Amino acid sequence: MTPLLRFRSVSVRFGDVSAVDDVSLELSEGELLGLVGESGCGKTTLALATMGLLPSSATVEGAIDFRGQDLLALSEDERRRLRGDRISMVFQDPAAALDPAFSIGDQVAETIRAHRPVGRREAKARALSLLREVGIADAERRYRDAPHRLSGGMQQRVVIATALANEPSLLIADEPTTALDATIQAQILDLIRDLRRRHGTTVLLIAHDLGVVARLCRRAAVLYAGQLVETAPVERIFEAPAHPYTRALLAALPDRSRPRGALAAAAGQVPDLAAPPPGCRFAPRCPLVRDECVRRPLRTAVSSGHDVACWAAAPAASTAAGEIVAATNGGR
Amino acid sequence: MSETLVAAERVSKRFRVGGGVSRRELHALDTVDLDVRRNEILAIVGESGSGKTTLGRSLLGLASPTSGRVLFRGRDVARFGRDERRRFRRALQPVFQNPYSSLDPRWRVERIVREGLDAFSLGTPAERRARVTEVLEAVGLTERHARSRPHELSGGQRQRVAIAAALAPRPELIVADEPVSALDVLVQAQILNLIASLHRDFGLTLVLITHDLDVVAHLADRVAVMYLGRIVESGSAADVLERPAHPYTRALVASSVHTHRTPGAERARLGGEIPSAVDPPRGCHLHLRCPLAMDVCRGVVPALEPRPDGRLVACHAVSAGETGPHTDPTKEEPHADR
Amino acid sequence: MTETALELPRRRSLPRLRGRVGREAGVGLGLLAVLGLLAVLAPVLAPHSPEAIDQHRVLGGLTWAHPFGSDALGRDVLSRVLFAFRASLSISLGAVAIALAVGIPIGVAAGYFGRALDAVLMRPIDLLLAFPALLLALSLIAITGPGQLVTMFAIAAIYLPILARVVRSSTLAVASEAYVEGARARGASHLRTIVQHVVPNAIGPALVQASVLCGFALQIEAALAFIGLGAQPPTPSLGLMLFDGYQVLEQAPWADVFPGLAIAITVVAFNLVGDGLRARLDPRGITR
């Protein structure tokens with residue numbers, strides 16, 4: 001079956017900064033995939049590339065197939081038609097996503113009318129039911145409220161309502177709960193899960209917090225400095241992480257069981273994306289680094305549904321690569 | 001029992017909101033009692049509006065209480081003369097949350113770290129420079145970093161600078177407000193390790209203000225949980241986080257997105273939103289959202305009551321033993337402090 | 001020590017002004033430098049005395065001896081422009097300097113201390129601001145009589161409230177930054193904090209505004225002189241030259257064109273510098 005969304009060797013550059021480097025990833029219909037990584041890893045860039053919202057200074061290579069059709073090859077007009085209709089996005093800061101001059105109800109209704117030939121009254125009715133569905137209590141009365149009268153959590157619910165207004169096939173949620181309090185975070189994540197179940201929407205969740213991804217997603221893809229390093233079902237990520245970076249992420253999480261001052265903190269820092277190291281970008285900090293790491297590791301399967309891009313994690317492929325590197329460096 | 005270094009005694013802090021003649025007030029803190037013991041790591045936890053930052057600032061003497069008092073070594077800070085005030089200021093140093101706005105963008109690191117020494121006139125200029133080098137080394141920075149300006153450093157490095165600046169005047173207590181929230185996971189770990197080792201090596205007392213329960217579980221000895229300006233539960237970090245008693249603490253722990261879950265997490269959820277601190281609900285602030293709410297909760301503010309296991313909990317239901325389907329963990333034997 | 005080598009600081013130099021803005025600001029600065037030099041060296045550079053009347057050269061056109069022509073009294077326009085420019089520029093810069101000298105402390109105090117002091121300081125400022133600029137200037141002149149000095153104070157009075165407000169607003173932003181509280185926690189007195197942290201970080205927008213206001217100040221000085229309420233002859237002023245030249249516009253347009261050009265070029269130069277300053281100051285310290 002054709003995957004709903006497919007990144008094929010996608011690379012994104014901003015001038016001389018390589019934000020995304022040759023990422024290939026698939027999402028099946030109805031899936032809940034979490035894209036995890038620290039700041040600057042390229043996860044938001046990928047999301048913006050999918051939505052067609054990258055600034056004009058960005059150059060994109062590769063293909064992003066949505067239902068088999070390459071989004072990057074479409075005209076701006078065609079992409080605009082998809083936005084808010086077939087593909088929607090929810091951002092981190094709900095207050096910034098809502099226009100302070102209009103009521104929340106009107107904003108949901110406007111999203112509907114922008115894409116469907118629906119009368120004002122019908123759009124309003126649909127908006128009302130959406131607001132109820134996302135858990136806005138007393139929706140009739142709050143329909144006319146301006147966004148600033150709502151708390152952060154409520155605002156994010158409204159944003160989710162506008163995102164789902166036209167029953168999109170794909171919902172991209174970029175750190176939707178990072179700006180919210182802990183108790184509200186849980187509510188919003190559960191809301192997303194319920195809505196997905198009810199509408200069958202495919203969800204791409206972007207997060208820097210592995211815990212958030214664990215709570216909501218079945219599968220996770222880990223990014224580091226613009227490269228995809230590991231993809232696996234969420235339980236496998238926690239139980240048997242294959243890539244050294246994923247392991248470092250997990251080992252760095254503060255925990256009651258770990259003695260004070262002894263969190264395994266990977267040395268060094270994220271590389272400068274304007275001058276990234278060749279091959280695997282984690283190599284300079286990796287405890288398992290070897291010679292062949294100057295060449296980009298191939299994606300190999302560790303187990304069913306579990307891929308990793310690491311020479312150390314896939315010994316057989318590594319030896320072959322090692323020989324090639326040794327051969328090309330013959331005159332060292 | 002350790003000596004109490006600084007304490008808040010029935011501290012309330014209210015801010016006038018709305019310009020001009022508006023009478024509305026923001027109740028940031030409401031009769032808070034808290035003591036910080038020498039050498040401990042005390043965490044103050046809460047969501048937005050909980051007042052944790054205001055409490056931190058009150059302890060530092062940066063925000064004078066509307067009522068109540070802050071005590072330093074048992075003496076009222078408000079009554080301090082100039083010299084005592086200076087000693088107090090020097091003994092308590094802050095580390096702020098945002099590594100991007102906590103350092104003057106125009107100053108070089110060396111001067112930033114030296115500021116406390118200059119302002120308090122500690123030592124000769126040569127001694128101050130030596131001290132700067134000493135603390136920079138302690139936080140893992142070098143001469144090159146000392147000559148840089150903040151915008152040339154990464155978030156983690158900037159936070160190290162902030163820590164070094166706090167350490168320079170040889171304080172006894174450091175109040176760190178969300179010291180790692182703005183940092184990535186791997187960098188977070190580096191800074192947390194640093195904080196832990198500095199606590200150990202310099203014999204510091206630490207007040208850690210945070211919303212991240214995992215950090216609390218990892219680092220803190222004791223924790224105080226705040227909701228809308230009041231402390232609702234306090235006790236040893238292990239007890240409070242692993243067997244939370246107060247309904248709010250239970251909800252907080254249940255929402256913690258870490259994979260460890262306490263049993264019965266689903267039932268501990270709170271509905272609704274956090275009310276505004278401008279017009280807080282009467283009685284117990286949580287009563288509108290609480291699964292255990294009783295009539296008395298609507299009218300009477302619950303006081304922090306000592307429980308059999310040594311914790312303090314402010315909840316009518318827990319005090320009355322009416323905890324419904326939840327077991328009351330405070331009835332067990334007290335656990336040894338870490 | 002808890003870890004191994006930390007990355008060395010990345011030498012991210014302050015964003016150099018790129019492209020168009022950089023060139024504009026450069027042009028502006030260059031222009032200002034030249035103009036400034038001209039103003040300072042006017043007595044040296046002027047080929048003739050600005051007062052020298054020459055009946056043979058009345059309304060004379062552009063010649064080698066008189067590159068800008070001669071006016072209705074045969075005086076050399078170039079020399080007159082140089083001296084008048086010098087006078088007008090001094091008054092304008094003086095006015096803005098006064099406005100800054102008074103406005104900055106008021107704005108900083110109001111923004112930093114807030115509450116009562118803010119109200120007390122800003123009400124008179126708001127009052128001044130509420131007056132239409134021209135009315136304000138004329139009221140002052142009505143009290144003291146016309147002249148160049150009173151022009152300077154009038155212009156200062158017009159711009160003082162604007163600069164005070166700008167400073168107050170940026171002070172409000174800076175005063176709430178964590179490093180200001182940090183300074184206080186590390187023992188810095190209010191004065192020390194203000195001088196070392198608040199003013200350096202808050203003064204940028206005011207300087208940008210001030211540079212543009214210099215150009216406006218020049219225009220107001222000229223306007224007041226033109227209507228006879230500013231500099232009185234024989235004090236030189238570009239405005240007076242504009243008035244004189246206006247009388248003989250048809251016969252000797254150069255008598256008006258050159259003083260007018262002097263004003264225009266100076267205003268453009270100040271605007272360019274203002275733009276450049278704004279671009280330079282904005283990205284500072286707001287990286288990320």
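Here is the naming used below: chain letters follow the sequence lines, and residue numbers restart at 1 for every chain. Excluded from the calculations below are hydrogen atoms, water molecules and symmetry mates; all remaining heavy atoms, backbone and side chain alike, are included. Source: prediction; values computed, not measured.
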> Could you walk me through whether B/Arg57 and C/Glu181 pass the side chain to side chain contact (heavy atoms under 4.5 Å, CB included) check?
Replying inline: CA-CA 10 Å; B/Arg57 293 178 67 232; C/Glu181 239 192 356; 2.4 Å; yes
> Looking at C/Glu177, C/Arg192, C/His197, which has the largest count of heavy-atom pairs under 4.5 Å with chain B?
Replying inline: C/His197
>> Looking only at heavy atoms and a cut-off of under 4.5 Å, which of B/Gly156, B/Ala196, B/Gly116 has the most pairs with chain C?
In response: B/Gly116
> So which heavy atom on B/Pro105 is nearest to which on C/Tyr179, and how close?
Replying inline: CD-CE2, 3.6 Å
> Quick one: what part of B/Arg111 sits under 4.5 Å from any heavy atom of chain C, side chain, backbone, both or neither?
Replying inline: side chain
>> Which atoms of B/Asp118 are under 4.5 Å from chain C, going by heavy atoms: the side chain, the backbone, both sets, or neither?
In response: both
> What part of B/Pro169 lies closer than 4.5 angstrom to a heavy atom of chain C: side chain, backbone, both or neither?
Replying inline: neither
> Which atom names give the shortest non-hydrogen contact between B/Ser102 and C/Ala178, and what distance separates them?
Replying inline: CA-CB, 3.6 Å
>> Can you give me the closest heavy-atom contact between B/Asp104 and C/Gln196, atom names plus distance?
In response: OD2-O, 4.0 Å
> What option among B/Ala168, B/Gly61, B/Ala165 has the most heavy-atom pairs under 4.5 Å with chain C?
Replying inline: B/Ala165
> Is the number of heavy atoms from other residues, nucleotides or ligands within 6.0 Å of CZ (C/Phe131) greater than 12?
Replying inline: no
>> Using heavy-atom distances under 4.5 Å, tell me whether C/Ala119 contacts chain B through its side chain, its backbone, both, or neither.
In response: neither
> In this structure, are over 12 heavy atoms from other groups packed under 6.0 Å from C/Arg115 atom CZ?
Replying inline: no
>> Does B/Arg90 form a side chain to side chain contact (heavy atoms under 4.5 Å, CB included) with C/Arg186? I'd like the steps, not just the answer.
In response: CA-CA 7 Å; B/Arg90 186 187 156 183; C/Arg186 307 211 212 285; over 6 Å; no
> Between B/Leu103 and chain C, which part of the residue has a heavy atom less than 4.5 Å away: side chain, backbone, both or neither?
Replying inline: backbone
>> With a 4.5 angstrom heavy-atom cut-off, is it the side chain or the backbone of B/Arg86 that approaches chain C, or both, or neither?
In response: neither
> Just wondering, more than 12 heavy atoms not from C/Tyr112 lying within 6.0 Å of its OH?
Replying inline: yes
>> Using heavy-atom distances under 4.5 Å, tell me whether B/Ala166 contacts chain C through its side chain, its backbone, both, or neither.
In response: both
